[in-house]
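Numbering of residues begins at 1 and proceeds along the displayed sequence.
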Amino acid sequence: MESEVVRAEMLLAPTMAFKKVQTADKYPKGQSRGRQWKHLRHLLQAADATSLPPDRPNYLNIQSPPSVYPPKRYCDVTGFEAPYVDPRTKLRYADPEVFRQIRMLPEEYVQRYLAVRNAAVVLR
């Protein structure tokens, strides 16, 4: 009888392919379960920027060529993407409700919104 048990253990696989692996078996204590984010200090050490040419962008000199895509335009009031521009005030807006609010704004507030965007018109 004992010899039959030994033979049975040799024939059966230790884990069944169709069974789900338990989390404790997959990740023993002390091992990571997911991707770990690295701090900038670790990235700089791993990159070894001294061996790279100075004109190539890296974490130490974040200089890159200008984007080939057009700049995104945002609503001056809400901050959402703004497909529209008010022709009278030159403020960008995202939807008709914001447009109604822009039209009710006093000129002083319009100039402040434009100044925030560095597009203020100096009235003389």
Test side-chain contact (heavy atoms from CB on, under 4.5 Å) on Leu105 and Tyr113 and set out the steps. CA-CA 10 Å; Leu105 286 175; Tyr113 276 120; 3.7 Å; yes
Contacts of type salt bridge (charged side-chain N to carboxylate O under 4.0 Å, His left out), residue Glu97, not counting sequence neighbours: none
Test salt bridge (charged side-chain N to carboxylate O under 4.0 Å, His left out) applied to Asp95 - qualifying residues, sequence neighbours left out: none
At what distance, to the nearest 0.5 angstrom, does CZ of Arg92 lie from CD1 of Ile102? 11.0 Å
I need the Gln111 CD to Glu108 CD distance, nearest 0.5 Å. 9.5 Å
With hydrophobic residues grouped by side-chain heavy-atom distances under 4.5 Å, do Tyr109 and Val98 end up in a single group? yes
Considering all heavy atoms, the nearest [X]-[Y] contact:
| X | Y | answer |
| --- | --- | --- |
| Val77 | Gln101 | CG1-OE1, 4.2 Å |
| Glu81 | Ala94 | O-CB, 3.6 Å |
| Ala82 | Cys75 | CB-N, 3.4 Å |
| Leu114 | Thr89 | CD1-O, 3.6 Å |

Taking CZ in Arg103 as the centre, count heavy atoms belonging to other residues, nucleotides or ligands within less than 6.0 Å. Is the count above 12? yes
Residues in ring pair (Phe, Tyr, Trp, His ring centres under 6.0 Å) with Phe99, at least two apart? Tyr93
Step-by-step side-chain contact (heavy atoms from CB on, under 4.5 Å) determination, Val116 to Asp76: CA-CA 9 Å; Val116 168; Asp76 291 315; over 6 Å; no
